[in-house]
Amino acid sequence: MCIDRRFSRHAWRVTPEHARRLQEELRHFVIPIGTLSQLHLVAGADVAYDRPSCRMFAGIVVLQLPDFQIVETRMAVRQTTFPYIPGLLSFRETPALLAAWKQVSHTPDVLFIDGHGLSHPRRFGLACHVGVLIDRPVIGCAKSRLIGTYEEPPPTRGSTSWLYDETGHIIGAVVRTRGGTRPVFVSVGHRIDLQEAVRVTLLCSKGYRLPEPIRQADQFVERIKRARRRTS
DNA sequence: GCGACAG
DNA sequence: ATCTTGTCGC
């Protein structure tokens, strides 16, 4: 029986209440400023789940610019130990992502994470959590909204609009990385400002909706999962 | 109580 | 995220 089913019955180390308290504590360590002095190596991180075995496959792919050639791929497998709860995603995926990160030898100039950063209920989404722990520039790039309001950006590639919180403060950007398709939600993860995050996201978008680093990480973990689906 | 809700 | 084949459209 996997953790998602045990959830309603009992036992984990960190309860949702505790997790939220930790986010309120850790949010103060996020550095929402900074620009990249160079952009030679970029990386993307993502996680895939295998329902039946309750395992998760975290992967990190490092690419070199300007050709986007893959220079390194690393992965880690972990048993799922925390349920998916909107706003607490990092407590589910961070352990596996960190395990994969520790194996990376080509330290990238920036890391793209598949999820939100500051555009989060407590301003501490997955991108911030991972960013603070590895203390490296991280950009949060999510495929859908978690919180905030925004106006649909023009349908042409490169157009953007801001994402605001209930107070009217900017917490992220809605970016059209490709014409004719839904935009992505970019936010600060760590050690980079929003403007720079948007700029780099567009620079790394190679004709697809998802920035190339994340798209590659996506395919990578998907392949790993299929290849190991029958092993235990 | 009702609707929203990253992956 | 995952379950899943073909199909409509640029």
Side-chain angles (χ1 to χ4, degrees), chain A residues 2-5 7 16 19-20 23 26-27 30 44-60 75-98 100 111-131 138-150 155-157 163-166 171-190 194 197 201 207-211 213-215 217-230:
Chain A
C2 67
I3 193 66
D4 286 323
R5 297 194 52 196
F7 180 44
R20 294 191 182 88
Q23 292 182 320
L26 297 174
R27 61 181 296 182
V30 175
D46 192 24
V47 175
Y49 297 87
D50 180 47
R51 201 72 162 185
S53 66
C54 278
R55 286 180 306 175
M56 61 196 307
F57 300 87
I60 291 181
M75 63 86 74
V77 188
R78 285 290 184 283
Q79 201 69 36
T80 300
T81 61
F82 198 90
Y84 169 67
I85 299 174
L88 299 182
L89 177 64
S90 66
F91 290 86
R92 182 176 170 81
E93 304 193 337
T94 297
L97 287 173
L98 283 181
L111 172 66
F112 282 88
I113 294 271
D114 192 3
H116 287 92
L118 290 181
S119 45
H120 173 278
R122 288 163 294 284
R123 307 296 181 274
F124 198 70
L126 176 62
C128 293
H129 202 144
V130 171
V138 174
I139 293 174
C141 182
K143 295 183 289 298
S144 62
R145 184 196 74 100
L146 175 57
I147 63 166
T149 59
Y150 66 95
T156 56
R157 185 204 132 83
L163 178 62
Y164 302 90
D165 67 7
E166 53 289 320
I171 55 176
V174 186
V175 183
R176 194 77 71 178
T177 48
R178 171 183 178 161
T181 51
R182 297 154 50 202
V184 294
F185 298 76
V186 176
S187 61
V188 170
H190 189 56
L194 186 55
T201 295
Y208 295 94
R209 179 160 96 110
L210 297 180
I214 288 186
R215 206 173 72 81
D218 224 310
Q219 300 181 352
F220 176 55
V221 294
E222 205 54 55
R223 293 197 307 261
I224 295 299
K225 185 178 72 174
R226 275 183 303 212
R228 303 203 174 185
R229 205 150 205 176
R230 33 183 217 167

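Owing to the predicted nature of the structure, the values given are computational and were not obtained by experimental measurement. Letters A, B, ... are given to chains in the order of the sequence lines, protein chains preceding strands, and every chain is numbered from 1. Atom set for the values below is all heavy atoms of this structure, side chains included, hydrogens, waters and symmetry mates excluded.
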- Item | Bracket notation of DNA chain C in which parentheses pair within the strand, [ ] cross earlier pairs, and | pairs with another strand (Watson-Crick or G-U, under 3.5 Å) | ..........
- If we only count heavy atoms from C-beta on, is the A:Asp114 to A:Lys143 side-chain gap below 4.5 Å? yes
- Note on the structure: Protein-proximity profile, nucleotides 3-10 of chain C, B/S/- by nucleotide at the 4.0 Å heavy-atom cutoff, equals S-------
- Message: Using the six-membered base ring of C:dA1, report whether A:Tyr84 stacks on it, requiring centroids under 5.5 Å and planes under 30° apart.
- Response: no
- Item | Close side-chain approach of A:Arg55 and A:Arg78, heavy atoms under 4.5 Å | no
- Message: For a quick test of reading the model: is some side-chain N or O of A:Ser144 closer than 4.0 Å to OP1 or OP2 of B:dG7?
- Response: yes
- Query: Which is true for A:Leu88 with a 4.0 Å heavy-atom rule: it touches a base, it touches only sugar-phosphate, or it touches nothing?
  - Reply: base
- Task: Check the distance between C:dT2's C1' and A:Ile224's CD1 and give it to me in whole angstrom.
- Result: 18 Å
- If you look at every strand shown and take non-hydrogen atoms under 4.0 Å, does A:Gly87 touch a base, only sugar-phosphate, or nothing? base
- Task: Mind calculating the distance between CG (A:Leu118) and P (B:dA6) to the nearest angstrom?
- Result: 17 Å
- Query: Looking only at heavy atoms, what is the nearest atom pair of A:Ala217 and A:Gly59, with distance?
  - Reply: CB-O, 4.3 Å
- Task: Could you pull out the closest heavy-atom pair between A:Ile85 and A:Arg20, with the gap in Å?
- Result: CG2-NH2, 4.2 Å
- Ignoring hydrogens and angles, tell me if any N or O in the side chain of A:Gln23 forms a donor-acceptor pair with the backbone of A:Gly87 under 3.5 Å. yes
- Query: Is there side-chain contact between A:Tyr84 and A:Leu89, with heavy atoms separated by less than 4.5 Å?
  - Reply: yes
- Does a nitrogen or oxygen in the side chain of A:Lys143 sit under 4.0 Å from OP1 or OP2 of B:dA6? no
- Item | Between C1' of C:dA1 and CZ of A:Arg92, the distance in whole Å | 7 Å
- Query: What's the closest nucleotide to the A:Leu126 side chain, out of B:dA6, B:dC5, B:dG7?
  - Reply: B:dA6
- Given atom CD1 of A:Ile147 and atom P of B:dC5, what is their separation to the nearest angstrom? 11 Å
- Query: Could you state the CD-P distance from A:Glu93 to C:dT2, rounded to the nearest angstrom?
  - Reply: 10 Å
- For the residue pair A:Phe91 and A:Phe82, does the interplanar ring angle fall in the parallel (under 30°), tilted (30 to 60°) or perpendicular (over 60°) class? tilted
- How many Å lie between CD1 on A:Ile139 and C1' on B:dA6, as a whole number? 17 Å
- Query: Are the side chains of A:Pro213 and A:Leu111 in touch, meaning some heavy atoms are under 4.5 Å apart?
  - Reply: no
- Task: In plain terms, say whether A:Asp50 and A:Arg228 are close enough for a salt bridge, that is, a side-chain N and a carboxylate O under 4.0 Å apart.
- Result: no
